[in-house]
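Report on one structure; see the data block that follows.
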Amino acid sequence: MGELGKWMRLVASTWIQAFTGTNLDFSAYSSELKSVMGISQLQLSYLSMASDLGKAFGWCSGLSLLYFPLWLLLFIAAFMGLFGYGLQWLIIRQVITLPYFLVFMLCLLAGCSICWFNTVCFVLCIRNFPSNRALALSLSISFNGLTAAIYSLLVNAINSTEESLYLLLNACVPLLASIVSLLPIVNLWPPPSTTTHPTNVDGCDSVTFILLYLVAIFTGLYIIFLNSISSNMTICRVIFAGAIILLVLPISLPHIVYRHRSWIYSRFQGLCFNLVDVDDLELHEQLIHAKENGDHTLGARAERWWRKCIWGEEQLAVLGEEHSALKLMRRWDFWLYYVAYLCGGTMGLAYGNNLGQIVESLGFEDHISSIVSIFSSCSFFGRLLSAAPDFLRNKVYIARTGWLAMAIVATPVGLFLLVASDSWTAIRASTALIGLSSGFVFAAAVSITSELFGPNSAGLNHNILITNIPIGSLLYSLLASLIYDSKAEKGGSMICMGRDCYFQTFIWWGCISLLGLASSLLLFFRTKPAYNSFRRNNPTPMEFS
């Protein structure tokens with residue numbers, strides 16, 4: 001039951017993530033919120049930034065873990081979202097009226113609730129899967145990208161004409177998901193045993209992960225394709241019921257694997273999917289330092305001189321070296337990583353926040369829900385793809401920072417495609433590319449932070465990294481809003497219509513994302529020797545026959 005219990009908690013974390021990515025559907029109701037409150041595009045951008053600003057207070061949830069049980073943090077997050085989104089729903093329904101500053105604080109509180117939900121899910125994955133945390137985190141985080149598509153389906157199943165319904169669902173559904181997920185989280189099952197047959201456990205874990213990822217892929221395809229063809233309320237209800245069944249299905253897979261564990265052990269003995277096992281990082285660091293201290297050949301000294309001249313003295317020598325906050329801030333590798341994340345993943349978030357006005361300005365306001373679903377679903381697949389380095393490590397071994405650079409390529413491609421064309425096909429293709437890119441960056445970042453700057457310091461260091469989310473959200477949305485409002489004023493209205501509303505914005509965003517791509521490539525070349533060194537000192541696990 002200990003082994004089954006950890007899978008129950010992982011599936012519970014996917015449920016939580018699937019219904020708590022509520023910031024991804026902001027574009028679905030932003031136009032109506034702007035109209036009811038009578039605010040400018042710049043003021044609306046500040047509200048979207050407020051939700052992202054809540055992530056700057058993520059350290060509060062980590063600190064609360066020292067004093068409160070995990071299930072209590074879950075419900076604190078749920079009630080913060082209930083209060084933050086619930087009052088916004090009353091505002092958009094014109095039941096109450098609040099000043100702009102208080103609405104800003106409500107958006108900040110709602111964004112903070114998302115961060116608390118994420119903390120709960122991260123802790124569940126790390127505690128229960130110490131040797132497969134990268135796979136568990138990628139699987140759990142990926143479902144966060146499906147939230148907007150699920151909510152869009154649910155809105156159409158209830159009343160497709162009510163955009164304010166998104167806010168009501170944002171307030172209530174996470175609380176219901178928390179109640180449903182409570183049973184596994186309260187630890188009714190004992191922790192998994194590691195004293196007997198560890199290889200058997202690893203083999204069964206790997207097979208279970210394969211099955212869970214296959215079901216996750218099918219779930220994403222089901223939601224994105226059927227959501228796009230849903231034509232009436234009855235069909236939407238049937239499709240939504242099928243989506244719920246697919247979300248519940250994974251809870252049975254660990255039981256099936258456990259019942260056939262003997263056959264799995266004989267067939268998949270030694271199967272493992274760890275690109276970098278953080279438990280081996282300390283040993284690897286000792287081996288490398290010992291080798292460097294004893295290697296004084298002319299070739300070795302020449303190589304070190306070349307690296308010093310080209311890359312600087314701050315290049316990472318090994319993976320997993322623990323970095324304090326002060327040491328982290330002095331690393332060039334961290335700042336390259338920071339810029340890559342700022343101009344890559346955060347750019348995608350800013351695009352998603354402005355997606356409602358982008359689609360409206362181009363004359364496709366009747367398809368806002370559809371395009372939001374595309375962005376959300378592709379973000380989901382991008383998060384799933386972040387596990388590719390681990391699944392393919394025995395076939396294609398590329399540093400995780402290399403995968404990060406390849407993922408960021410899609411963002412400038414998507415933005416410059418919008419510069420070239422304003423057709424409906426171009427909007428969908430660009431949205432899909434940017435969603436895939438940002439989703440990959442968000443999911444892969446936790447593993448990259450632990451590998452580059454130490455697993456024990458990852459919690460604090462990752463919170464330092466994601467301070468770029470509110471910064472980027474503010475700067476990119478501010479740029480877009482200033483251009484949008486200037487074009488709207490020329491037309492004598494608060495609403496801007498036409499391609500010119502965001503044309504310059506797309507050019508600026510595309511150039512900024514190229515800066516992120518260049519930074520990610522430089523980070524890859526600087527960290528590649530450390531990954532290669534780890535690979536040489538850690539033999540590839542046995543492949544199944």
Side-chain angles (χ1 to χ4, degrees), residues 21-35 37 39-53 104 107 111 148 152 163 166 342-365 367-376 378-379 411-412 414-419 422 424 426-435 437-439 442 468-488 494-513 516:
T22 47
N23 59 328
L24 294 177
D25 62 17
F26 177 79
S27 296
Y29 59 85
S30 59
S31 296
E32 186 173 354
L33 183 64
K34 175 184 176 182
S35 176
M37 296 186 64
I39 58 178
S40 67
Q41 182 64 27
L42 181 60
Q43 290 174 307
L44 182 67
S45 297
Y46 286 143
L47 293 183
S48 68
M49 183 273 296
S51 178
D52 300 328
L53 186 61
F104 181 91
C107 292
S152 176
E163 293 179 355
Y166 280 94
L342 175 65
C343 301
T346 305
M347 178 64 75
L349 185 62
Y351 176 81
N353 288 340
N354 287 271
L355 196 52
Q357 279 65 51
I358 293 172
V359 175
E360 181 186 51
S361 67
L362 295 175
F364 301 109
E365 58 273 6
H367 302 284
I368 292 178
S369 176
S370 173
I371 203 70
V372 169
S373 297
I374 291 175
F375 181 80
S376 173
C378 290
S379 176
T411 295
L415 290 170
F416 285 121
L417 179 59
L418 288 171
V419 173
D422 62 347
W424 177 239
I427 294 173
R428 288 186 295 178
S430 299
T431 300
L433 287 171
I434 297 171
S437 176
S438 60
F442 290 145
N468 65 57
I469 292 180
I471 295 174
S473 178
L474 173 62
L475 293 179
Y476 303 147
S477 296
L478 181 63
L479 173 65
S481 300
L482 291 174
I483 296 175
Y484 181 95
D485 285 339
S486 66
K487 302 297 181 182
M494 294 183 63
I495 299 177
C496 179
M497 298 298 295
R499 183 184 183 188
D500 200 34
C501 300
Y502 281 92
F503 181 78
Q504 294 179 5
T505 299
F506 293 145
I507 295 177
W508 279 103
W509 282 0
C511 293
I512 293 172
S513 63

ask   = Who are the ring-ring contact (aromatic ring centres under 6.0 Å, His included) partners of Trp508, not counting sequence neighbours?
value = none
note = Shortest non-hydrogen pair, Cys107 vs Leu47, comes out as CB-O, 3.6 Å
message = Could you tell me if the side chain of Leu415 sits less than 4.5 Å from the side chain of Ser513, heavy atoms only?
response = yes
Closest approach of Ser361 to Cys496 (non-hydrogen atoms, all atoms of both residues) = CB-O, 3.5 Å
request  = Report the distance from atom SG of Cys511 to atom CD1 of Ile507, rounding to the nearest 0.5 Å.
outcome  = 7.5 Å
request  = Flag the pair Tyr29 / Val372 as yes when at least one side-chain heavy-atom distance between them is below 4.5 Å, and no otherwise.
outcome  = no
Test ring-ring contact (aromatic ring centres under 6.0 Å, His included) applied to Phe375 - qualifying residues, sequence neighbours left out = none
task = Please confirm whether the backbone N or O of Ile427 pairs with a side-chain atom of Ser430, one donor and one acceptor, at under 3.5 Å?
result = no
message = With rounding to the nearest 0.5 angstrom, report the CG to CZ distance, Leu362 to Arg499.
response = 9.0 Å
task = Would you mind reporting whether Asn23 and Leu349 have side-chain heavy atoms less than 4.5 Å apart?
result = yes
message = In terms of relative ring orientation, are Trp509 and Tyr476 parallel, tilted or perpendicular, with 30° and 60° separating the classes?
response = perpendicular
key: Minimum-distance pair of heavy atoms, taken over all atoms of Gln357 and Asn353   = OE1-O, 4.3 Å
query = Nearest heavy-atom pair of Gly348 and Ile434: which atoms, and what distance?
reply = CA-CG2, 3.6 Å
ask   = Say you draw a straight line from OG of Ser30 to CG of Asp25; how long is it, rounded to the nearest 0.5 Å?
value = 10.0 Å
task = Show your reasoning for whether side chain to side chain contact (heavy atoms under 4.5 Å, CB included) applies to Thr411 and Ser438.
result = CA-CA 8 Å; Thr411 295; Ser438 60; 5.8 Å; no
request  = Run the numbers on Tyr502 and Leu418 for side chain to side chain contact (heavy atoms under 4.5 Å, CB included), then give the verdict.
outcome  = CA-CA 9 Å; Tyr502 281 92; Leu418 288 171; over 6 Å; no
key: Contact check, side chains of Lys487 and Gln504, non-hydrogen atoms, under 4.5 Å   = yes
ask   = When rounded to the nearest 0.5 angstrom, what distance separates CE in Met49 from CD1 in Ile471?
value = 10.5 Å
task = Tell me, please, which residues at least two apart from Leu42 pass side-chain contact (heavy atoms from CB on, under 4.5 Å).
result = Ser40, Tyr46, Leu478, Ser481, Leu482, Asp485
Distance in Å, Asn468 CG paired with Leu474 CG, rounded so as to fall on 0.5 Å steps = 12.5 Å
key: Qualifying residues under disulfide bond (SG atoms under 2.5 Å apart), relative to Cys343, sequence neighbours excluded   = none
request  = Applying side chain to side chain donor-acceptor pair (under 3.5 Å), name anything that partners Ser48, two or more places apart in sequence or on another chain.
outcome  = none
inquiry  = Looking at every heavy atom in both Cys501 and Ile483, which two are closest together, and how far apart are they?
reply    = O-CG2, 3.8 Å
key: Atom pair CD1/CG of Ile512 and Leu475 - distance to nearest 0.5 Å   = 8.0 Å
Partner set under ring-ring contact (aromatic ring centres under 6.0 Å, His included) for Phe364, not counting sequence neighbours = Trp424
query = Mind checking whether Phe506 and Ile358 have side chains closer than 4.5 Å, heavy atoms only?
reply = yes
message = Counting C-beta onward and ignoring hydrogens, is there a side-chain heavy-atom pair between Tyr351 and Thr431 closer than 4.5 Å?
response = yes
key: Heavy-atom pair of closest approach, residues Ala429 and Leu417   = CB-CD2, 3.9 Å
